[in-house]
Amino acid sequence: MAHADSSSAPAGAPVNFIHQIIEEDIRTNANGANGQVITRFPPEPNAFLHIGHAKAICLDFGTAVKYGGRCHLRMDDTNPVKEKQEYIDAIKVDVSWLGFEWGDHEYHASDYFPQLYDWAILLIKAGKAYVCDLSPDEVSRTRGTLTTPGTPSPFRGRSVEENLDLFARMKTGEFPNGARTLRAKIDMAAPNLNLRDPVMYRILHAEHPRTGQAWCIYPMYDWAHGQSDWIEGITHSLCDQAYEEHRPLYDWFLDQLIALGAKSPNARYRPKQREFARLNLPYTVLSKRRFLDWVEGGFVRGLDDPRMPTLSGLRRRGYTPEAIRDFCERIGVAKRENVIEYALLEHCLREDLNKRAPRAMAVLHPVKVVIDNYPEGQVEQFDAVNNPEDPAAGKRQVPFSKVLYIEREDFMETPAPKYFRLYPGNEVRLRYAYLVRCTSCVKDSGGNVTEVHCTYDPATRGGNTPDGRKVKATIHWVSALHALDAEVRLYDHLFTKEDPDDVPAPVPAPAPGIPGGDWRQNINPRSLEVIQAKIEPSLAQAKPGDKYQFERLAYFCCDPDTRPGKPVFNRTVALKDTWARIEKKRG
RNA sequence: UGGCCCGUGGUGUAACGGUAACACACCAGGUUUUGGUCCUGGUAUUCCUGGUUCGAAUCCAGGCGGGCCAGCCA
């Protein structure tokens, strides 16, 4: 069912609490499902998926794989004003890119609109739901507060006949948006606000991506979700902890329907909702709504901008599904609030890329090197290993000539302590080429180094030292004559603070759910740096999506903006840099 | 004098009444034609106070701290 195998954990390995619950359920046949495990991943198609969803996807699909069950992909499409076919398509691309398959089990909450409608009538007939004429504002005011009970709607006592009539007329489109709702009749004094006569249906005259104009009343999440689970025969409905307080309502609806003799078309058992803590990452926000703010504000180029924590953004940045799955495995599943360090995500990425990314040489900040004793006009080809971690990756040839580019950082006129690279008098290895010794440098009027002069040792061809001589540094280079130009995009966090909403003077919250304060002041103005680099000729064949390690620098991914003769590379993640650490410590 | 959830190294996650472990991060060393990879070693943890128990991270009580909830969003 899925490529990703989460069942490969060694015997006796720690099991997360969700799996403990499931194993207990299987052992005791708690839900009467006879050991079946059927889960679902239920995104609302109103935006792109992000890495927080990856955690949920890995859990939902991984759990199904682990227990020999299956996982349904279900579009939770109950709000046509926000949902689009474009998002449905993007979600499917992302889930399968991550490595999971749902087979025939693709569903939509909208598939169940007729069944949900019939069940709503059942509840009305049983006196468990009523049509309410209160405006949204009035509903809000009569709901009470966190500490005081709500007051019953004046329409709460409507007769079954009147409710049936009104509900039918809501469905036929007789009333405008917002005129009436169908509400569950539970308890206006319940300490859990979700139980204070929650709205089951609202009137929305809108075009639905799948049902078109067929409906003008749409079920709310709470009414749709549990019933959808039940209809599909889901055994374990895993979700964000935020829904834990909705669980009593999830169970209430099921209780009522079962008591009224309703039957799931697919299950003799009922689903069980269990909640886990969502993933948080520093320097970003994992919120679909925020993504649109960033795009609309022009802070990123789109939902798939490589700085975005969306799966499409990470993909464009160069992340691999394997790395993301490994990450999701390592962060574990629990209920406490968590913020995972970037270091772990990047570790998973580097570990994967190290094994599979071919190496290449590229110079990001070029400075010219002239090998004074190298014959003018001569060109040699040197063998370069494509991937030292993977002998099967083979070798390629890299051209060498008298004038080269090296990284500006790889030369220092007056070397800092422990600096092993090029400085006057010092000898280093040019990777795969020769040992060279620096003789001098040329500077412009501003004191900037414009040219480094060296001599090479012909006996060290290929970078070998027949005399056993050691050099402490090997640096990368490209031949000036053969180098290609490339646009390279360097990325940093989108925000300068771990918590982008951490602002000095918060203003009052503009709306429920939207934190106060202006996150815009925490935008990192340097989250994108575009430079022109010199790259080795073999990189001319790079196609969008191809991943490389530019030796000694970072992993890079060829961007879709690449055009013939105009390659574009995204820095995916830098290599670990011990030298940078030494410099940083020195201050 | 609202409800729900949660407190274990720097960050995560385990340990399910019996020596607090694993990963990442950090520090030190070794190998190396990438200051990468790899290898070796090290620092560092149970929110507090009581109670139960031979024995408590685990059970109980009371504190303290954090998160979430008042959409006709999901």
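Per chain, numbering begins at 1; letters A, B, ... match sequence-line order.
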Classify the nucleic acid contact of [X] as base, sugar-phosphate or nothing, counting any heavy atom under 4.0 Å across all strands shown.
X	result
Pro388(A)	base
Tyr555(A)	nothing
Val339(A)	sugar-phosphate
Ile331(A)	sugar-phosphate
Tyr201(A)	nothing
Leu134(A)	base
Val471(A)	nothing

In the structure shown, which nucleotide is the Watson-Crick or G-U wobble counterpart of [N], with both distances under 3.5 Å?
N	answer
C59(B)	G51(B)
U32(B)	none
A21(B)	U13(B)
G2(B)	C69(B)
C64(B)	G7(B)

Starting at atom [atom1] of [X], determine the distance to atom [atom2] of [N], rounded to an integer number of angstrom.
X	N	atom1	atom2	value
Asp187(A)	G2(B)	CG	P	18 Å
Lys335(A)	G67(B)	NZ	C1'	12 Å
Ile340(A)	C24(B)	CD1	P	14 Å

Query raised in the report: How about Glu409(A): does its CD atom have over 12 heavy atoms from other parts shown lying under 6.0 Å from it?
Result: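 Count not over threshold, so no.
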
Query raised in the report: Would you say the side chain of Glu244(A) and the base of G67(B) hold a donor-acceptor pair, judged only by whether the two atoms sit under 3.5 Å apart?
Result: no

Query - Of Asp25(A), Asp251(A), Asp229(A), the residue whose pairing with Lys272(A) passes salt bridge (Lys or Arg N to Asp or Glu O under 4.0 Å) - result: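 Only match with Lys272(A) under salt bridge (Lys or Arg N to Asp or Glu O under 4.0 Å): Asp25(A).
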
Report summary line: Looking only at A25(B), G35(B), C16(B), the nucleotide nearest the Trp579(A) side chain is G35(B)

Requested in this report: Ignoring the backbone of Arg143(A), work out which of A70(B), C5(B), G36(B) is nearest its side chain.
Outcome: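 My answer, after comparing the listed nucleotides, is A70(B).
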
Query - P spacing across the pair G55(B) / G66(B), given as an integer number of angstrom - result: 34 Å

Query raised in the report: Given the C1' atoms of G35(B) and G29(B), what is the spacing between them in whole Å?
Result: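 Those two atoms are separated by 15 Å.
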
Report task. By nearest nucleotide on RNA chain B, pick out whichever of Thr145(A) and Pro191(A) is the more 5' one. Result -> Pro191(A)

Query raised in the report: Want to settle it: does Asn338(A) or Arg429(A) sit nearer the 5' end of RNA chain B, counting the closest nucleotide to each?
Result: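 In this pair, the answer is Asn338(A).
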
Report task. Decide whether Glu551(A) and Gln549(A) meet the rule of one side-chain donor and one side-chain acceptor closer than 3.5 Å. Result ->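 Judged by distance alone, the side chains do not pair up.
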
